[in-house]
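As structure tokens, the structure follows; a few thoughts come after it.
Because the structure is predicted, anything quoted here is derived from the model rather than measured. A, B, ... follow the sequence lines: proteins, then strands. Residue 1 opens every chain.
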Number of protein chains: 4
Amino acid sequence: MSGGDAPANGDRPIAAPRHGRARSEKAHSAILAAACELLLQRGLAAVSMDAVAARAGVSKATIYRWWPSKETLALDALCDEWDVAAPVSDTGSLQGDLIGLLLPVARLASSRPYGRVIATLVAEARTDAAFANLYDSRFADPRREQARAAFLRAIERGEIPASTKTEVALDLLYGAIYHRLLHGHAAVSEKFVSDLVEVAMNGIAPRSAGR
Amino acid sequence: MSGGDAPANGDRPIAAPRHGRARSEKAHSAILAAACELLLQRGLAAVSMDAVAARAGVSKATIYRWWPSKETLALDALCDEWDVAAPVSDTGSLQGDLIGLLLPVARLASSRPYGRVIATLVAEARTDAAFANLYDSRFADPRREQARAAFLRAIERGEIPASTKTEVALDLLYGAIYHRLLHGHAAVSEKFVSDLVEVAMNGIAPRSAGR
Amino acid sequence: MSGGDAPANGDRPIAAPRHGRARSEKAHSAILAAACELLLQRGLAAVSMDAVAARAGVSKATIYRWWPSKETLALDALCDEWDVAAPVSDTGSLQGDLIGLLLPVARLASSRPYGRVIATLVAEARTDAAFANLYDSRFADPRREQARAAFLRAIERGEIPASTKTEVALDLLYGAIYHRLLHGHAAVSEKFVSDLVEVAMNGIAPRSAGR
Amino acid sequence: MSGGDAPANGDRPIAAPRHGRARSEKAHSAILAAACELLLQRGLAAVSMDAVAARAGVSKATIYRWWPSKETLALDALCDEWDVAAPVSDTGSLQGDLIGLLLPVARLASSRPYGRVIATLVAEARTDAAFANLYDSRFADPRREQARAAFLRAIERGEIPASTKTEVALDLLYGAIYHRLLHGHAAVSEKFVSDLVEVAMNGIAPRSAGR
DNA sequence: CGGTAATCGAGACGGTACGTCATGTCTTACA
DNA sequence: TGTAAGACATGACGTACCGTCTCGATTACCG
């Protein structure tokens with residue numbers, strides 16, 4: 001989330017503008033807060049810019065000045081909450097690293113109805129290529145990158161072969177999480193995460209595992 | 001698609017209408033065709049009921065007469081194309097069954113920009129519970145059920161233990177497919193399907209594989 | 001006012017549309033009434049389409065369907081009131097005809113604050129050529145044409161020479177009325193009309209008139 | 001233009017400011033020039049304060065510091081151009097004086113699209129009483145006063161009777177000019193001015209003229 | 001000659017209205 | 001009764017100005 005520089009998203013400018021009235025920090029955070037609440041309560045489709053402006057006590061023009069669309073705003077509001085997640089440390093084993101990465105996601109995802117919001121953002125990304133880039137770089141890629149790094153460490157440790165199909169494995173792990181999150185057919189519980197990692201690590205029908 | 005009975009979706013009524021003008025078969029198929037084309041070309045969000053009506057040479061009232069929302073219409077149009085897939089036979093092995101189930105899906109998904117449409121429908125389902133039921137019963141569940149049946153056969157055959165976490169495995173397999181389809185970060189190629197099934201069956205770090 | 005045929009202004013269509021819902025007569029007149037009241041109370045600049053829609057109990061879209069701009073609507077509302085003026089008969093003398101034409105205008109103009117409205121419409125006509133045509137054909141020209149006809153009758157009667165500069169005379173008569181109406185420096189009273197016609201007929205310094 | 005004392009219009013202050021930065025003469029004239037150009041090119045309605053500020057290379061606050069509204073600014077810009085007209089001398093005859101007064105106005109009015117600007121200012125004056133006073137005192141009254149003085153001289157000379165309805169005559173003369181200027185139905189040519197004065201002086205149907 | 005104060009550029013802000021668009025309902029006349 | 005045509009209320013859209021308000025930087029008079 002940090003480090004933006006242009007009004008392409010809602011990030012604060014780094015270099016101080018020499019002249020002109022300073023950007024209102026109050027308005028900025030009020031907008032994000034209003035967007036977040038409305039988003040989680042009623043979903044992106046039911047949230048209008050007028051409603052966000054009214055609830056934040058802000059004019060529509062101010063929102064449009066900093067966010068080009070309500071999807072961008074929603075992404076910002078979402079990241080505001082999800083990016084507080086603690087950085088995951090190296091646990092020494094791939095399985096431990098994966099659990100350490102996926103469990104916080106599962107806990108966060110279950111805490112409030114984020115599935116609806118993320119589903120809408122994903123749908124929007126399929127329609128708007130520019131937004132897709134933004135979504136990937138701000139939301140999806142960072143998490144996937146952390147998991148990819150865990151796989152690299154496991155290969156360096158010799159825990160898994162260098163020929164491991166890392167990308168497929170990543171799709172398999174995150175895909176399952178997203179699947180439950182977006183389709184809503186089952187909860188993204190902590191039990192699910194541990195089962196998921198176990199099955200993914202050992203396979204559906206483990207050759208050695210007795211039974 | 002068959003078997004509907006009420007105008008809750010676009011299915012034809014079973015009992016013959018008692019009197020009055022008969023339902024126009026031409027209008028029905030023209031609407032579905034128009035919806036399908038517009039949907040794949042520009043996405044659900046960019047397709048209005050007016051546009052469908054105009055392209056189908058039909059009045060808006062006729063569409064609303066048979067479909068309660070444009071999401072329902074889109075689902076009907078989608079199923080029209082996806083339900084032609086051949087029923088998969090029993091190959092004798094779980095891996096063969098899974099390939100047989102997932103490959104046609106991958107081929108279909110790659111043939112046209114269905115990812116965008118499905119993403120929108122999934123997002124809508126998260127907002128509208130009634131539509132979620134419809135989506136599951138018409139689109140998602142049938143496929144998942146076929147795969148679940150394959151797992152049951154494998155258990156009966158003794159190919160995998162009865163304690164196999166089938167639901168987790170299903171999420172893992174379909175989740176990966178949906179992940180690429182909805183997020184669009186990589187193609188749902190035939191190679192991906194075979195890799196996916198292999199990794200899912202044997203695990204990321206197969207015990208027997210070299211270390 | 002009558003006889004329009006296109007939605008270029010708010011007139012009713014002549015030929016009945018064969019299909020479709022009939023235009024709401026209630027909405028039509030409610031819009032004109034609301035526009036007229038707001039117009040006279042607060043002037044065109046202070047009247048928004050939203051306000052007209054709200055007061056008429058009508059949606060903005062309905063207004064825009066029949067009137068392309070609020071100026072067009074204002075012109076329609078104005079003509080609705082001014083076109084009820086009785087057609088002027090031939091009095092047998094130019095002076096009588098002119099009085100007969102100008103007095104009703106003066107009475108109408110003084111009855112309510114039309115000056116403000118007409119001033120705004122005139123200003124708009126100077127900016128928008130299309131509106132200028134509409135304004136002329138619906139409001140200005142008909143009155144001027146009646147006066148021009150009176151001059152022609154006077155020439156035919158031999159009351160004034162054929163060389164009379166009719167157009168200059170018309171500008172002189174109507175110009176004076178408009179001048180007071182638009183600039184508001186003095187009232188358009190009945191006395192003013194009779195003085196105006198007298199001075200215009202005989203000249204500022206009548207050669208024969210004793211005093 | 002001179003003689004102002006307060007920032008009610010754009011005039012320069014008389015008394016020297018005690019201290020502080022002096023008013024920028026460059027900004028002042030740049031604003032007037034920018035306003036004038038935009039005004040004549042596109043009309044007052046299409047000219048925004050932002051546009052004037054941008055074109056003048058000036059901040060909006062600076063404009064509002066000296067002009068309370070864009071109408072006031074436009075009036076200032078207009079007077080800047082119209083007040084350069086030479087003061088008219090006493091020609092010895094009423095007709096000569098009137099020609100001497102009206103001809104420069106006609107020439108100026110025809111030189112550029114002032115009609116549009118004046119029409120807008122007149123309309124604004126009908127809505128805003130304070131602006132009406134400003135418009136009259138800065139633009140309309142001075143000219144009318146000169147003509148009124150010519151009538152007084154003519155009465156003193158015995159050229160016209162003391163009972164002459166001067167105000168009606170003034171409305172008749174200036175009304176005709178304004179009529180063509182604001183309604184745009186015919187040009188304010190030099191020929192028109194001479195015809196106008198002749199008809200106004202002698203009447204539409206001069207008693208002495210042939211019949 | 002340093003302090004005080006009005007001015008200027010830049011531009012963010014709350015607000016209001018704009019004109020357009022899509023949804024879902026309703027009405028009318030035809031088939 | 002089903003349908004094409006289309007008018008309608010509703011409400012959000014994204015834009016454009018308005019007039020106000022901070023900012024920091026620039027002058028100039030004045031003590």
Side-chain angles (χ1 to χ4, degrees), chain A residues 16-24 26-28 45-54 56-66 68-70, chain B residues 17-24 26-28 45-54 56-66 68-70, chain C residues 16-24 26-28 45-51 53 57-66 68-70, chain D residues 16-24 26-28 45-54 56-66 68-70:
Chain A
R18 306 297 288 173
H19 294 302
R21 181 174 175 174
R23 178 172 179 182
S24 163
K26 213 178 81 179
H28 181 79
V47 171
S48 66
M49 286 301 223
D50 293 83
V52 174
V58 145
S59 82
K60 260 198 305 178
T62 300
I63 305 182
Y64 279 108
R65 181 183 300 274
W66 301 107
S69 68
K70 74 177 176 182
Chain B
R18 307 293 290 173
H19 51 264
R21 182 171 173 174
R23 177 173 179 184
S24 163
K26 214 178 78 179
H28 181 80
V47 172
S48 67
M49 287 302 225
D50 292 84
V52 174
V58 143
S59 83
K60 261 198 307 179
T62 302
I63 305 182
Y64 281 108
R65 178 77 183 74
W66 301 106
S69 69
K70 77 174 177 182
Chain C
R18 306 298 287 174
H19 294 303
R21 181 174 175 173
R23 177 172 178 183
S24 163
K26 213 178 81 179
H28 181 79
V47 171
S48 67
M49 286 302 223
D50 293 82
V58 144
S59 80
K60 260 199 305 178
T62 301
I63 304 182
Y64 279 107
R65 181 184 300 275
W66 300 108
S69 68
K70 74 176 175 182
Chain D
R18 306 294 290 173
H19 51 266
R21 181 174 175 174
R23 177 174 180 182
S24 163
K26 213 178 82 179
H28 181 80
V47 172
S48 67
M49 286 303 223
D50 293 83
V52 174
V58 143
S59 82
K60 261 198 307 179
T62 301
I63 305 182
Y64 280 108
R65 179 74 185 75
W66 301 107
S69 69
K70 76 176 176 181

*Identify the residue among C:Arg21, C:His28, C:Lys26 that makes a side chain to side chain contact (heavy atoms under 4.5 Å, CB included) with C:Ser24.*
C:Lys26
_Separation of E:dA17 P from C:Ile63 CD1 (nearest whole Å)_ = 14 Å
_Side chain of D:Thr62, heavy atoms from C-beta onward: which of F:dA4, E:dG14, E:dC8 has the nearest atom to it?_
E:dC8
_I need the CH2-P distance between C:Trp66 and E:dG19, as an integer number of Å._
19 Å
*Hey, does the side chain of A:Ser59 come within less than 4.0 Å of E:dG15's phosphate (OP1/OP2), counting only N and O?*
no
_Going by side chain to side chain contact (heavy atoms under 4.5 Å, CB included), name the residues that satisfy it together with B:Ala51, two or more places apart in sequence or in a different chain._
B:Leu38, B:Ser48
_Tell me the interatomic distance from D:His28, atom NE2, to E:dC8, atom C1', rounded to whole angstroms._
15 Å
*Rounded to the nearest angstrom, tell me the gap between atom CZ in C:Arg65 and atom P in E:dG19.*
17 Å
*When you check every protein heavy atom under 4.0 Å of nucleotides 16-21 of chain F, what one-letter string (B, S, -) results, 5' to 3'?*
-SBBBB
*Let me know, please, whether D:Ala27 or A:Gly57 comes out on the 5' side of the other along DNA chain E by nearest nucleotide.*
D:Ala27
*Look up atom NZ in D:Lys70 and atom CE in D:Met49, then write down how far apart they are to the nearest 0.5 Å.*
8.0 Å
*Go through the structure and list residues passing side chain to side chain contact (heavy atoms under 4.5 Å, CB included) with C:Thr62, not counting sequence neighbours.*
C:Ile31, C:Val58, C:Ser59, C:Trp66
